[in-house]
Each structure stands twice: as structure tokens, then as C-alpha cells.
Protein chains: 2
Amino acid sequence: MTIDNNAPHSNAESLEVARDDLRLEKFLPYRLSVLSNRVSNAIAQAYGARFDLTIPAWRVMAILGRFPDLSAAELVEQTAMDKVAISRAVSSLLKNDYITRSEDPADRRRQVLNLSELGRDVYERIVPLAQQYENDLMGSLSAEERQQLDSIIEKLMDRAQAWAERGLID
Amino acid sequence: MTIDNNAPHSNAESLEVARDDLRLEKFLPYRLSVLSNRVSNAIAQAYGARFDLTIPAWRVMAILGRFPDLSAAELVEQTAMDKVAISRAVSSLLKNDYITRSEDPADRRRQVLNLSELGRDVYERIVPLAQQYENDLMGSLSAEERQQLDSIIEKLMDRAQAWAERGLID
DNA sequence: TAACATTGGTTTCAATTGTAACCACTGCCA
DNA sequence: TGGCAGTGGTTACAATTGAAACCAATGTTA
């Protein structure tokens with residue numbers, strides 16, 4: 001049942017055909033996606049069940065915990081999330097009383113968001129939990145590798161960002 | 001409008017409060033997710049438009065291109081995708097005539113999947129395209145960094161895998 | 001060989017997400 | 001000040017996804 005990932009092909013003519021095959025298991029975008037999903041899902045399960053939070057909602061809380069008095073638009077900027085996703089996360093957080101919303105008197109379209117008391121409590125309980133997962137992940141790397149990973153991600157992010165900005169590769 | 005990511009807090013008491021804040025911009029699971037989404041979406045846009053393929057459908061083709069004669073269950077195993085997602089990808093690929101399906105006479109529940117002629121054509125046109133993106137990404141790294149990334153991903157993947165298997169961190 | 005558990009795969013239904021249209025307010029310029 | 005473009009945010013609707021129920025074939029045990 002298990003497949004030998006090193007065997008190029010199981011049929012006879014493989015030798016010629018295999019040349020430009022795509023080795024999905026080595027294909028960076030694919031590996032990133034699998035890794036990211038595994039990690040996010042595991043963590044989301046840990047806090048989602050306990051505090052009734054979706055991933056976007058938790059992200060909003062995480063940002064507000066660090067940067068009070070943001071508007072939805074500023075959250076969009078910070079998180080790279082879609083504005084609709086933010087809007088929904090905000091309204092579910094309001095329903096849970098995890099955040100507060102107040103009008104900006106200077107601009108009545110703008111709504112200033114903050115963690116509520118309750119929200120900050122929850123935030124402070126989730127943070128160590130999230131950090132525990134991250135530490136566990138990072139624990140599988142040496143200090144040197146952690147540092148390498150950091151700079152590599154930065155570079156990849158810039159490149160991918162560039163695709164989005166000046167359109168894709170021809 | 002832009003936020004200074006290095007400023008811990010904008011309010012007065014920040015010095016004490018900031019200690020155990022979560023710095024989302026440095027939080028590995030978050031960064032992985034942003035990076036992965038940016039990359040996958042960019043690539044999907046490139047082939048999706050031209051060949052009417054979703055990401056899961058393309059993944060199925062990529063695996064079948066390398067490993068003929070797989071069943072849906074074996075695809076699940078290879079891709080770590082959900083079996084429902086596979087089922088839907090398969091049926092959309094059948095609709096496009098990109099793959100063929102035949103009964104396994106030895107086990108009449110099992111259906112053997114393969115790229116069709118047309119499917120292989122498409123596959124062979126997408127592969128270089130996908131590789132071009134990957135090369136572009138990898139081009140932002142040195143040979144050494146590429147090698148480092150490879151081994152780091154492997155380690156992280158193992159760790160995240162372990163979460164899934166023996167349940168989460170207590 | 002009758003019952004029941006297991007496996008391969010699909011369907012159904014609800015929840016989540018993305019796109020586009022939209023409303024309310026502000027800022028600008030005639 | 002009146003019109004109009006731009007911004008902040010929400011709503012509506014369609015497409016995608018996920019969980020669970022389901023059907024059909026097989027394997028297993030008595």
C-alpha cells in the first residue's frame with residue numbers, strides 16, 4: 001500500500017518519461033502548504049475548542065493584544081487578511097464580548113477596536129499555549145537553524161510578495 | 001496608518017504588560033501560513049485559469065503523473081488530502097477527461113486512476129510552469145540556504161506529524 | 001454461509017470563504 | 001454648498017470545504 005517515493009515510475013517505459021516529472025514531495029509550494037496546514041490545524045484545535053475561536057478571530061485578538069486602538073482597515077494591513085474576513089472575525093468577537101468597538105469621533109466611519117477585559121484574559125491564557133506549540137516546533141531545530149529559517153522565510157516572503165505586486169511571472 | 005512593528009505598545013503601562021505578548025509577525029505558524037497562501041494562490045492562478053484546474057485537482061494530476069495506477073485511497077495517503085477532496089477532484093478531472101478510471105477486477109470497490117492522453121499533455125505543460133515558479137522562489141536563496149531549508153522543513157514536518165499522531169501537547 | 005466489522009468511495013448538509021455590490025461618511029474641488 | 005471620487009465597513013450570494021451519514025463490496029468469524 002505504501003508507495004516508494006524514490007522509485008520514479010512503476011511501469012516499463014519510465015526511463016525516458018521520468019525526466020521532467022514533478023516530484024511533488026520535493027516541490028516547495030506543496031511542502032509549505034502541507035506543513036502550514038498541519039501546524040495551524042493542530043494549534044487551532046487546541047484553543048478553538050476551549051475558547052470558541054476561529055483562526056481569523058484569534059489572529060485579530062493577537063494583533064489587538066499587541067497594538068490597541070486599531071481599526072478594521074489597520075487590522076487588514078497588519079494581518080494580510082481579507083477585509084471581509086476581518087469584518088466577520090470582529091463581529092464574532094463582539095458577540096463573545098472579547099473585544100470592544102467605539103466610534104472614532106474624528107471620523108465616524110472608523111471604528112476603534114480593543115480587547116475587552118474578558119478578551120485580555122483569554123488572550124493571556126492563549127498566548128502561553130500558542131508559545132508552547134511554537135517552542136515545541138522550534139525545539140526540533142538548533143539555534144543556528146532557527147536563525148536560518150527566519151532569514152529564509154523573510155526572503156521567500158519578499159519574493160512571493162513581489163509576484164502579487166507586479167503580477168505573476170510572464 | 002502604517003504601524004511600527006517594533007514599538008511594543010502605544011499606551012503608557014506598556015513596559016510591564018508587554019512581557020508575554022505574542023509577536024504575531026514572528027510567530028512561526030502564522031508566517032508559514034501567510035507564506036504558503038501567497039505562494040499557492042499565485043501559482044494556482046497561473047494554471048487554474050488556463051486549464052480549469054483547482055489546487056486539489058492539480059495535485060491529483062501531479063501525483064498520477066508520477067505514480068500511475070493509484071486508487072483514491074492511495075492518493076489520500078500520498079497527498080495528505082481529505083478523501084472527500086480527492087473524490088471531488090477525481091470527479092472534476094473525469095469531467096474534463098484529464099484522467100481515466102477503471103475497475104480493479106480483483107476488488108470491485110477499488111478504482112484505478114490514471115492520466116488520460118489529454119491529461120498527460122496538460123500535465124506536461126503545467127510541470128515546467130510550476131517549476132518556473134519554484135525556481136523563481138528558490139532563486140532568492142543561496143544553494144546553501146536551499147539545502148538548509150530542505151532539512152529544516154523535514155524536521156518541522158516530523159514534529160507536526162507527531163502532534164497529529166499522538167494527540168496534541170497536553 | 002449468515003452475521004458483522006472493515007474498506008473504498010460518494011452524497012448530503014452545514015459551515016466557511018471569496019467576490020462583488022452596497023451603504024454611510026469624508027474630503028476635495030468647482 | 002453641491003456634486004463626486006475615495007474610504008471604512010457590511011451584506012448578499014455563490015463557490016469551496018468539512019463532518020458525518022451513507023452505499024456497495026470485501027473479509028472475518030462462528
Side-chain angles (χ1 to χ4, degrees), chain A residues 1-3 33-34 36-38 40-42 44-45 48-49 52-60 63-64 69-95 99-114 164, chain B residues 1-3 33-34 36-38 40-42 44-45 48-49 52-60 63-64 69-95 99-114 164:
Chain A
M1 185 63 131
T2 296
I3 292 167
S33 149
V34 172
S36 160
N37 286 338
R38 279 198 186 139
S40 293
N41 291 337
Q45 224 179 306
D52 183 29
L53 283 176
T54 61
I55 293 182
W58 160 243
R59 280 192 187 160
V60 165
I63 296 286
L64 287 179
D69 294 323
L70 296 187
S71 69
E74 287 158 344
L75 284 170
V76 167
E77 217 181 296
Q78 273 295 294
T79 59
M81 288 166 59
D82 185 89
K83 78 198 257 206
V84 177
I86 295 282
S87 170
R88 292 198 257 241
V90 163
S91 81
S92 91
L93 288 170
L94 284 171
K95 211 168 289 167
I99 62 172
T100 62
R101 173 165 65 179
S102 58
E103 264 196 1
D104 181 347
D107 181 343
R108 280 167 44 226
R109 292 168 304 184
R110 193 165 174 279
Q111 327 231 273
V112 179
L113 303 170
N114 274 296
Chain B
M1 186 62 131
T2 297
I3 292 168
S33 150
V34 171
S36 161
N37 286 339
R38 278 200 187 136
S40 292
N41 291 338
Q45 223 180 306
D52 183 28
L53 282 175
T54 61
I55 293 182
W58 161 243
R59 282 194 186 158
V60 166
I63 296 287
L64 287 179
D69 294 323
L70 296 187
S71 69
E74 287 158 344
L75 284 170
V76 167
E77 215 182 298
Q78 273 297 293
T79 59
M81 287 165 59
D82 184 271
K83 81 199 260 212
V84 177
I86 295 282
S87 170
R88 293 198 257 241
V90 163
S91 81
S92 92
L93 289 170
L94 285 170
K95 211 167 289 166
I99 63 174
T100 62
R101 172 166 66 178
S102 58
E103 264 195 2
D104 180 348
D107 181 343
R108 280 167 44 227
R109 293 168 304 184
R110 192 167 177 280
Q111 328 231 273
V112 179
L113 304 170
N114 274 296

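Convention: sequence-line order gives letters A, B, ...; per-chain numbering from 1.
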* To do: Whole angstrom is fine here: how far is it from CG in A:Leu93 over to P in D:dG9?
  => 15 Å

* Under-4.0 Å side-chain N/O to phosphate OP1/OP2 contact, A:Ser71 with D:dG9 -> yes

* To do: In whole angstrom, give the distance that lies between atom CD1 of A:Ile86 and atom P of D:dT10.
  => 11 Å

* Asked: With sequence neighbours left out, what residues match B:Ser92 under side-chain contact (heavy atoms from CB on, under 4.5 Å)?
  -> B:Ala57

* With sequence neighbours left out, what residues match A:Ser40 under side-chain contact (heavy atoms from CB on, under 4.5 Å)? -> A:Ser36, A:Ile55, B:Ser33

* Asked: Just how far, in rounded Å, is P of D:dG9 from CG of A:Leu113?
  -> 7 Å

* Structure fact -> So CG of B:Leu75 and NZ of B:Lys83: to nearest 0.5 Å the spacing works out to 13.5 Å

* **All side chain to side chain donor-acceptor pair (under 3.5 Å) counterparts of A:Arg110, not counting sequence neighbours** => A:Glu74, A:Asp104

* Asked: Considering only heavy atoms from C-beta outward, does the side chain of A:Leu113 approach that of A:Leu94 to under 4.5 Å?
  -> no

* Asked: Whole Å only: how far is the CG atom of A:Asp104 from the C1' atom of D:dG9?
  -> 14 Å

* To do: Could you check if a side-chain atom of B:Pro56 sits within less than 4.5 angstrom of a side-chain atom of B:Arg88, using non-hydrogen atoms only?
  => no

* Report yes if at least one side-chain N or O of A:Ser87 is closer than 4.0 Å to OP1 or OP2 of D:dT10; otherwise report no. => yes

Scan nucleotides 17-21 of chain C against the protein and return all N/O pairs shorter than 3.5 Å with their distances rounded to 0.1 Å.
{"from": "C:dG18", "atom 1": "N7", "to": "A:Arg88", "atom 2": "NH2", "distance (Å)": "2.6"}
{"from": "C:dG18", "atom 1": "O6", "to": "A:Arg88", "atom 2": "NH1", "distance (Å)": "3.1"}
{"from": "C:dG18", "atom 1": "O6", "to": "A:Arg88", "atom 2": "NH2", "distance (Å)": "3.3"}

* Asked: Expressed in angstrom and rounded to an integer, what is the separation of B:Gln111 atom CD from D:dC23 atom C1'?
  -> 13 Å

* Asked: Heavy-atom distance under 4.5 Å between the side chains of B:Val60 and B:Thr79, does that happen here?
  -> no

* Calculate the interatomic distance between B:Leu70 atom CG and C:dG8 atom P; express it in whole Å. => 13 Å

* Asked: Is B:Arg101 near enough to C:dG8 that one of its side-chain N or O atoms lies under 4.0 angstrom from OP1 or OP2?
  -> no

* Contact check, side chains of A:Arg38 and A:Val34, non-hydrogen atoms, under 4.5 Å -> yes

Using the 3.5 Å cut-off, write out each protein N or O paired with an N or O of nucleotides 24-28 of chain C and the distance between them.
{"from": "C:dC25", "atom 1": "O2", "to": "A:Arg109", "atom 2": "NH1", "distance (Å)": "3.2"}
{"from": "C:dT26", "atom 1": "OP1", "to": "A:Arg108", "atom 2": "N", "distance (Å)": "3.1"}

* **Test side-chain contact (heavy atoms from CB on, under 4.5 Å) applied to A:Asn114 - qualifying residues, sequence neighbours left out** => A:Pro68, A:Asp69, A:Thr100, A:Val112

* Structure fact -> When rounded to whole Å, the CE to P distance for the pair A:Met81 and D:dT10 reads 13 Å

